[in-house]
Amino acid sequence: MPDRAEDKRPLLDVKGLKKYFPVRGAFGNTVQEVKAVNDVSFSLNRGETFGLVGESGCGKSTLGRTILRLTEPTDGEALYEGADIFAMSPTELQKMRRDMQMVFQDPYSSLNPRKRIGAILEEPLSIHNIGTPQERTEKVLETLTRVGLQAEHYYRYPHEFSGGQRQRIGIARALMVDPKLIICDEPVSALDVSIQSQIINQLKALQNDLGLTFLFIAHDISVVRYISDRVGVMYLGQMVEQAATDDIFTDPKHPYTQALLSSVPLPSVEAKRERIVLKGELPSPLDPPSGCVFHTRCPVAMDVCKLQAPETKEVPTGHRVACHLY
Ligand code: SF4
């Protein structure tokens with residue numbers, strides 16, 4: 001097993017990342033912008049899982065896709081081992097993508113129904129020009145076993161698998177090129193609860209065996225709690241709080257995080273937690289509220305919150321929160 005402690009530098013350092021989508025008018029001009037990701041900063045340490053949580057539409061999936069440059073950023077930096085992904089040439093990007101892979105919510109839609117699983121899994125090796133045909137086949141067989149599938153699955157087609165098995169194939173495809181970092185975008189949201197825990201335990205085992213680093217994106221805060229070392233909470237394109245998982249769950253500081261956690265059942269029947277019901281709908285990222293973007297739903301909003309966006313502060317070290325209460 002690789003030594004997690006051998007290198008303390010962040011594997012990925014994201015600074016001030018913005019991704020705005022233009023809304024075009026009748027003449028093709030930009031009339032408005034959807035601020036899907038707005039000034040997000042965080043880092044990923046080697047061998048850790050950073051969980052990214054928030055309601056649907058908060059920008060967490062766009063953030064993952066922008067880091068991989070599946071969509072181009074509007075502004076900011078994403079340093080992978082010190083090199084800015086957003087400044088990379090196509091050749092450098094291709095090389096970097098060997099290190100950084102993605103697992104999607106619905107692997108079925110990205111599995112070619114006419115190809116056997118063996119051929120699908122060999123594809124990334126061909127793209128990156130890795131190994132001889134025999135070595136590629138051996139790698140596929142080894143990876144199938146690693147993700148809990150069998151050698152006989154090599155010859156089957158995607159429609160012959162269950163949802164959980166397909167997600168294992170999605171994970172196997174990401175593993176084929178021996179990546180260091182995997183961005184898991186809602187990898188268990190479409191699965192039954194019993195299958196969810198199998199897949200998450202599989203991911204944890206792979207992380208231990210291979211020293212992988214995960215950016216784990218999910219809307220289910222209980223799933224994020226189970227797998228993550230640290231957690232970031234997103235609201236309307238912004239990172240409102242980030243801290244070690246235990247700190248987030250025992251001492252949530254941002255009113256939005258407190259509301260999110262209040263809906264999670266406590267393990268003990270005696271334990272009670274007051275449910276915080278947020279008023280109103282999630283505002284549109286086309287027209288985010290002024291000042292603190294959460295002020296229209298915040299139960300403890302103050303006058304300053306409507307006028308001034310809060311700075312992100314460390315309270316204490318390692319626990320970052322963007323709120324005027326601190
Ligand atoms: Fe609520 Fe104000 Fe804090 Fe925003 S800055 S979360 S509105 S208290």
Side-chain angles (χ1 to χ4, degrees), residues 1-7 10-12 44-52 64 67-68 80-81 96-108 110-111 117-118 120-125 128 130-131 135-151 153-154 158 161-218 220 222-231 245:
M1 172 184 160
D3 182 3
R4 281 187 182 199
E6 68 193 4
D7 192 343
L11 185 63
L12 180 73
L44 268 179
N45 299 317
R46 287 157 207 273
E48 78 166 346
T49 298
F50 186 86
L52 207 50
I67 290 168
L68 275 181
Y80 176 72
E81 296 193 317
M96 184 278 298
R97 287 213 174 112
R98 207 181 139 172
D99 279 6
M100 226 188 259
Q101 291 285 305
M102 194 152 184
V103 171
F104 298 93
Q105 177 178 349
D106 176 15
Y108 192 55
S110 60
L111 299 177
I117 295 308
I120 290 173
L121 293 183
E122 279 180 25
E123 222 163 41
L125 298 179
H128 291 281
I130 301 168
E135 285 166 344
R136 289 175 189 171
T137 305
E138 283 166 9
K139 178 77 179 174
V140 171
L141 294 173
E142 178 201 316
T143 310
L144 281 172
T145 316
R146 201 179 266 292
V147 300
L149 295 168
Q150 283 108 48
H153 291 140
Y154 184 98
F161 292 89
S162 66
Q165 285 176 319
R166 280 180 208 146
Q167 194 50 288
R168 288 178 192 274
I169 295 167
I171 296 167
R173 189 170 50 182
L175 289 178
M176 287 302 296
V177 288
D178 297 324
K180 293 180 184 167
L181 167 63
I182 300 184
I183 297 180
C184 303
D185 187 9
E186 301 272 10
V188 296
S189 314
L191 304 174
D192 292 343
V193 175
S194 59
I195 310 293
Q196 284 188 2
S197 53
Q198 289 174 17
I199 295 294
I200 289 175
N201 287 332
Q202 181 76 69
L203 286 169
K204 282 183 139 193
L206 289 167
Q207 183 173 49
N208 269 333
D209 292 347
L210 304 172
L212 294 166
T213 304
F214 289 139
L215 176 60
F216 191 94
I217 299 167
D220 184 337
S222 305
V223 169
V224 166
R225 179 182 199 170
Y226 184 61
I227 195 167
S228 307
D229 299 297
R230 287 188 302 129
V231 173
T245 306

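Note that the coordinates shown come from a computational prediction; the quantities given were computed from them, not determined experimentally.
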| If every non-hydrogen atom of K204 is compared with every non-hydrogen atom of Y226, which pair is closest and at what distance? | NZ-O, 3.1 Å

| query | Does D192 have any side chain to side chain donor-acceptor pair (under 3.5 Å) partners at least two apart in sequence or in another chain, and if so, which? | reply | none

| Between CG on residue L11 and CG on residue L215, distance to nearest 0.5 Å | 11.0 Å

| What's the spacing between E135 CD and E122 CD if we round to 0.5 Å? | 11.5 Å

| query | Checking R46 side chain against T213 main chain: does a donor-acceptor pair fall under 3.5 Å? | reply | no

| Closest contact, heavy atoms only, I195 versus G164 | CG2-CA, 3.6 Å

| task | State, yes or no, whether a side-chain contact exists between I182 and I171 at a heavy-atom distance under 4.5 Å. | result | no

| task | Test L12 against M100 for side chain to side chain contact (heavy atoms under 4.5 Å, CB included), laying out the working first. | result | CA-CA 10 Å; L12 180 73; M100 226 188 259; 4.1 Å; yes

| Looking only at heavy atoms, which two atoms of L141 and T145 are closest? And how far apart? | O-OG1, 2.9 Å

| Min side-chain heavy-atom separation S228-F214 under 4.5 Å | no

| request: Taking the side chain as every heavy atom from C-beta outward, state whether Q167 and V103 have any atom pair closer than 4.5 Å. | output: yes

| request: Return yes if some donor-acceptor pair links the side-chain N/O of R97 with the main-chain N/O of L68 below 3.5 Å, else return no. | output: yes

| Is the closest side-chain heavy-atom distance between Q198 and R168 below 4.5 Å? | yes

| Got a second to check how far F216's CZ is from L52's CG, nearest 0.5 Å? | 11.0 Å

| Residue pairs passing the side chain to side chain donor-acceptor pair (under 3.5 Å) test where at least one lies in residues 177-191, sequence neighbours excluded | S61-D185, E81-K180, K139-D178, E186-S189, E186-H219

| task | Start with the C-alpha gap between R146 and D209, add the side-chain angles, then the distance that decides, and say whether side chain to side chain contact (heavy atoms under 4.5 Å, CB included) holds. | result | CA-CA 10 Å; R146 201 179 266 292; D209 292 347; 4.1 Å; yes

| field | Derivation and outcome, side chain to side chain contact (heavy atoms under 4.5 Å, CB included), residues R136 and I130 | value | CA-CA 8 Å; R136 289 175 189 171; I130 301 168; 5.6 Å; no

| message | If I take atom CG from residue L121 and atom CG from residue L111, how far apart are they, to the nearest 0.5 angstrom? | response | 8.5 Å

| task | Kindly indicate whether the side chain of D229, heavy atoms from C-beta on, has any atom under 4.5 Å from the side chain of F50. | result | no

| task | Measure across A174 and Q101 and return the closest heavy-atom pair with its distance rounded to 0.1 Å. | result | O-CG, 3.3 Å

| Below 4.5 Å, heavy atoms only, C-beta onward: do R230 and N45 meet side chain to side chain? | yes

| message | Looking at every heavy atom in both Q202 and G148, which two are closest together, and how far apart are they? | response | OE1-N, 3.9 Å

| field | R166 side, atom CZ; I199 side, atom CD1 - distance, nearest 0.5 Å | value | 12.0 Å

| Inter-residue atom distance L144.CG - Y154.OH, 0.5 Å rounding | 9.0 Å

| query | Would you call T49 and T245 a side-chain contact if the rule is heavy atoms closer than 4.5 Å? | reply | no

| request: Please report the shortest heavy-atom distance between V224 and A218, naming the atom on each side. | output: CG2-CB, 3.7 Å

| task | Report yes if the side chains of I120 and P158 come closer than 4.5 Å at any heavy-atom pair, otherwise no. | result | yes

